[in-house]
S.K.: 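Pasting in a structure now, in C-alpha cells, and then I'll have a few things to ask.
One is the number of the first residue; the rest follow in order along the sequence. Note that the coordinates shown come from a computational prediction; the quantities given were computed from them, not determined experimentally. The analysis underlying the following values was restricted to heavy atoms, covering all of them including side chains, and did not include hydrogens, waters or symmetry mates.
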Amino acid sequence: MKDDKKSPFRDAGTDRQATEQVPDTPQTRAPAYKLAFADEDFLCRDELRSVRLQLELLKPELIMDERGIESTIVLFGGARIPEPANKSSARTKTLADLSKYYDQAREFARVMTEKSMKSYGKEDVIVTGGGPGVMEAGNRGAMDAGGASIGLNIVLPHEQAPNEYVTPDLCFNFHYFAIRKIHFLMRAKAICVFPGGFGTLDETFEALTLIQTGRMQRVPVLLFGRQFWENIINWNALSEAGTISAEDLDLFRFVETAEEAIDAIENWDGAGERRGEIPGR
C-alpha cells in the first residue's frame, strides 16, 4: 500500500518502529504504554468492534483501488463440489454429478479474465470466496488465462488455506460476514451462482433482495444448473403465493454452460437500472 508522502507529520509506521527501540522498563512493558493502533489486545476489545468493522471495509477497498479494479464478476458456489477428475471421492452421487460445474466455472472464469485483461485487469475481475470447489475453479480459470483474481476468505472453525489459484496480493481474509458481503457486491457487474449449500443460498438471496428492493442496480444474476435450483426451491410457488411478484422471477436466469452465461451477461436487459418501486407492493 502506498505511503502518504505529502504530510509534514511523522508517519505512524516510523513511530511504531521507534517504540520497539525504547529502554526496557516496567513502564514500557506495561500494556497501557503501547501505541493504540499497534496494540492487538486493545483492538480486539468488544468496544472496538465499530473500528474493526471500518478497518475490514477499508483495507480491501484501498488495495483494490490501488490496483485500479473497477468492476468484478462474482462467482458463488459450493465448496464441496469436486473437480471432475476427483469426483469418485465425492460424498454423494449428486455431488459427483455436479462436478461438471467445476469445469464450467473454470471455463467461464478463463473467458471472462481474457476479457478483463483487455482493460489491463481493471474490469470484469473474477472474485470468489477463496475456498475450494467452485471457488477454486473460478480462481483457477483466471490463472489459466494469465490474469489476476480476487479471493474473499472468511475465518471459520475449520478454516483451510485459501486455494492456490487466488492472486496472492488480492487474497483477503475477513472476520465479519457482513463486510465480506459488501465487498462481493460493491463492484459486481454480474453474479454467477453455481450449486451450493447454506452459504451459497445466503449470498444468492442477499443479492436478489438488494436488486428486488432497488437498493442495488440490476446486474445479470445467473444460476447454473436449472435442475438443481428447481429441485431445492419452488420459485413459482413464491410468485403464486404473492410473497414475491411474477416480475421478480425475471431478476435471474438459468444457464447450463459458460458460453450461455457469457451471452446472457452481454445481452442482459435492464443492466445498470435501479427499481423505483417494487412490483406487487
S.K.: Could you list the residues that satisfy ring pair (Phe, Tyr, Trp, His ring centres under 6.0 Å) with Tyr101, not counting sequence neighbours?
M.R.: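 If we apply the ring pair (Phe, Tyr, Trp, His ring centres under 6.0 Å) test to Tyr101, skipping adjacent residues, there are no hits.
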S.K.: Locate the shortest heavy-atom distance separating Ala145 from Met117; write the atom from each residue and the value.
M.R.: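 Where Ala145 meets Met117 most closely, the heavy atoms are O-SD, 3.2 Å.
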S.K.: More than 12 foreign heavy atoms under 6.0 Å from CD of Gln227: is that the case here?
M.R.: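 Open: at most 12 neighbouring heavy atoms sit under 6.0 Å from CD of Gln227.
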S.K.: Using side-chain heavy atoms (C-beta onward) and a distance below 4.5 Å, is Ile73 in contact with Phe108?
M.R.: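 Ile73 reaches Phe108 side chain to side chain.
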S.K.: Between atom OG of Ser99 and atom CD of Gln104, what is the distance when rounded to the nearest 0.5 Å?
M.R.: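 One gets 11.0 Å once the value is rounded to the nearest 0.5 Å.
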S.K.: Quick check against the 3.5 Å criterion: does Ser149 have a side-chain atom that pairs as donor or acceptor with the backbone of Val166?
M.R.: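 Pair absent, no side-chain N/O of Ser149 close to backbone of Val166.
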S.K.: With the side chain counted from C-beta on, respond yes when Asn234 and Leu238 share a heavy-atom pair under 4.5 Å apart, and no when they do not.
M.R.: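 Heavy-atom side-chain distance check fails, nothing below 4.5 Å.
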S.K.: For Asn153 and Gly131, work out which heavy atoms get closest and say how close.
M.R.: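 Heavy-atom minimum between the residues: ND2-N, 4.2 Å.
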S.K.: Filter on ring-ring contact (aromatic ring centres under 6.0 Å, His included), then keep only pairs touching residues 41-62, sequence neighbours left out; what's left?
M.R.: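 Residue pairs with at least one partner in residues 41-62: there are none.
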S.K.: Does a side-chain N-to-carboxylate-O contact under 4.0 Å join Arg180 and Glu203?
M.R.: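 Glu203 and Arg180: salt-bridged.
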S.K.: Does the side chain of Ile154 come within less than 4.5 Å of Leu152's, by heavy atoms?
M.R.: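 No; the side chains remain at least 4.5 Å from each other.
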S.K.: Grab the two heavy atoms, one from Glu107 and one from Ala258, that are nearest each other, plus how far apart they are.
M.R.: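 Nearest pair, atom of Glu107 first, then Ala258: CG-CB, 3.9 Å.
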S.K.: Between Arg16 and Glu20, is there a salt bridge with N-O shorter than 4.0 Å?
M.R.: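 No salt bridge links Glu20 with Arg16.
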S.K.: Report, one line per pair, each donor and acceptor closer than 3.5 Å where one atom sits in a side chain of residues 272-280; sequence neighbours left out.
M.R.:
{"from": "Arg274", "atom 1": "NH1", "to": "Arg215", "atom 2": "O", "distance (Å)": "3.3"}
{"from": "Arg275", "atom 1": "NH1", "to": "Gln212", "atom 2": "O", "distance (Å)": "3.1"}
{"from": "Arg275", "atom 1": "NH1", "to": "Asp248", "atom 2": "OD1", "distance (Å)": "2.7"}
{"from": "Arg275", "atom 1": "NH2", "to": "Asp248", "atom 2": "OD1", "distance (Å)": "3.0"}

S.K.: Does Lys181 have more than 12 heavy atoms from other residues, nucleotides or ligands lying within 6.0 Å of its NZ?
M.R.: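 More than 12 within 6.0 Å, yes.
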S.K.: Could you work out, with salt bridge (Lys or Arg N to Asp or Glu O under 4.0 Å) as the rule, every residue matching Arg45, not counting sequence neighbours?
M.R.: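 Counting only residues at least two positions away or on another chain, Arg45 forms a salt bridge (Lys or Arg N to Asp or Glu O under 4.0 Å) with Glu47.
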S.K.: Quick check: is Leu223 connected to Ile232 through a chain of hydrophobic side chains (ILVMFWY, heavy atoms under 4.5 Å apart)?
M.R.: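 Yes; tracing contacts between hydrophobic side chains, which count when under 4.5 Å, links both residues.
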S.K.: Can you list, pair by pair, the side-chain donor-acceptor contacts under 3.5 Å of residues 75-85, counting residues two or more places apart and other chains?
M.R.:
{"from": "Glu83", "atom 1": "OE1", "to": "Arg140", "atom 2": "NH1", "distance (Å)": "3.4"}
{"from": "Glu83", "atom 1": "OE2", "to": "Arg140", "atom 2": "NH1", "distance (Å)": "3.2"}

S.K.: Check whether any side-chain N or O of Glu56 sits under 3.5 Å from a backbone N or O of His175 as a donor-acceptor pair, and report yes or no.
M.R.: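 Yes: the side chain of Glu56 pairs with the backbone of His175.
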S.K.: In this structure, are over 12 heavy atoms from other groups packed under 6.0 Å from Glu256 atom CD?
M.R.: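 Above 12, so yes.
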S.K.: Please report the closest heavy-atom contact between Ala109 and Gly138, naming both atoms and the distance.
M.R.: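 That would be CB-O, 3.1 Å.
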S.K.: If you count every heavy atom of other residues, nucleotides or ligands that lies below 6.0 Å from Arg91 atom CZ, does the total exceed 12?
M.R.: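 12 or below, so no.
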S.K.: Verify the distance criterion only: is there a donor paired with an acceptor across the side chains of Glu259 and Thr257 at less than 3.5 Å?
M.R.: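 Side-chain D/A pair, Glu259 to Thr257: absent.
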S.K.: Verify the distance criterion only: is there a donor paired with an acceptor across the side chains of Asn86 and Ser89 at less than 3.5 Å?
M.R.: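 No - no donor-acceptor pair under 3.5 Å links their side chains.
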S.K.: Taking all non-hydrogen atoms of both residues, which atom of Leu170 and which atom of Met64 are closest, and how far apart?
M.R.: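 Result for this residue pair: CD2-CG, 4.4 Å.
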S.K.: Look only at the side chain of Asp202 and the backbone of Phe198, and say whether a donor-acceptor pair between them is shorter than 3.5 Å.
M.R.: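 Here the side-chain-to-backbone pair does not exist.
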S.K.: Should Asp124 and Ile265 count as side-chain neighbours, where that means a heavy-atom distance under 4.5 Å?
M.R.: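 Result no, sub-4.5 Å side-chain heavy-atom pair not found.
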S.K.: Which atoms form the tightest heavy-atom contact between Gln217 and Ile211, and what is the distance?
M.R.: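 Scanning both residues completely, I find the closest heavy atoms to be O-CG1, 3.8 Å.
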S.K.: Starting at CD of Glu136, measure out to CG of Asn163 and round the result to the nearest 0.5 Å.
M.R.: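 Taking CD in Glu136 and CG in Asn163, the distance rounds to 5.5 Å.
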S.K.: Any side-chain heavy atom of Thr19 within less than 4.5 Å of one from Lys34?
M.R.: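 No, their side chains stay 4.5 Å or more apart.
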S.K.: Out of curiosity, does Met135 fall in the hydrophobic cluster containing Val193 (side-chain heavy atoms, cut-off under 4.5 Å, transitive links)?
M.R.: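 No; tracing contacts between hydrophobic side chains, which count when under 4.5 Å, never links both residues.
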S.K.: Kindly compute the distance separating CD1 (Ile182) from CG (Leu185), expressed to the nearest 0.5 Å.
M.R.: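 Here the rounded value is 9.0 Å.
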S.K.: About how many Å separate CH2 of Trp268 and CZ of Arg218, when rounded to the nearest 0.5 Å?
M.R.: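 Spacing of CZ (Arg218) from CH2 (Trp268) equals 6.5 Å.
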S.K.: Cluster question for you: counting only ILVMFWY and a side-chain heavy-atom cut-off of under 4.5 Å, with indirect links fine, are Leu57 and Leu43 together?
M.R.: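 Leu57 and Leu43: separate clusters.
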S.K.: Between Thr25 (side chain) and Gln27 (backbone), is there a donor-acceptor pair under 3.5 Å?
M.R.: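 Such a contact is found between Thr25 side chain and Gln27 backbone.
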S.K.: Quick test of your reading: applying ring-ring contact (aromatic ring centres under 6.0 Å, His included), list the pairs with at least one residue in residues 212-233, sequence neighbours left out, ordered by first then second residue.
M.R.: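 Every pair satisfying ring-ring contact (aromatic ring centres under 6.0 Å, His included) with a residue in residues 212-233: Phe194-Phe224.
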S.K.: Rounded at 0.5 Å granularity, tell me how far NZ in Lys87 sits from CG in Asp97.
M.R.: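 One gets 7.0 Å once the value is rounded to the nearest 0.5 Å.
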S.K.: If only atom types and distance count, is the side chain of Asn139 paired as donor or acceptor with the main-chain N or O of Ile150 below 3.5 Å?
M.R.: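 Present.
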S.K.: To the closest 0.5 Å, what do you measure between OG (Ser116) and CD1 (Ile69)?
M.R.: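 Interatomic distance, Ser116 OG to Ile69 CD1, rounded to 0.5 Å: 8.0 Å.
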S.K.: Please confirm whether the backbone N or O of Phe205 pairs with a side-chain atom of Thr209, one donor and one acceptor, at under 3.5 Å?
M.R.: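 Judged by distance alone, yes, a pair lies under 3.5 Å.
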S.K.: Set out, in order, the CA-CA distance, both residues' side-chain angles and the distance that settles salt bridge (charged side-chain N to carboxylate O under 4.0 Å, His left out) for Asp65 and Arg187, then state yes or no.
M.R.: CA-CA 11 Å; Asp65 280 351; Arg187 291 178 171 82; 2.8 Å; yes
S.K.: Would you call the rings of Phe174 and His183 parallel, tilted or perpendicular, taking 30° and 60° as the class edges?
M.R.: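 Ring orientation of Phe174 relative to His183: tilted.
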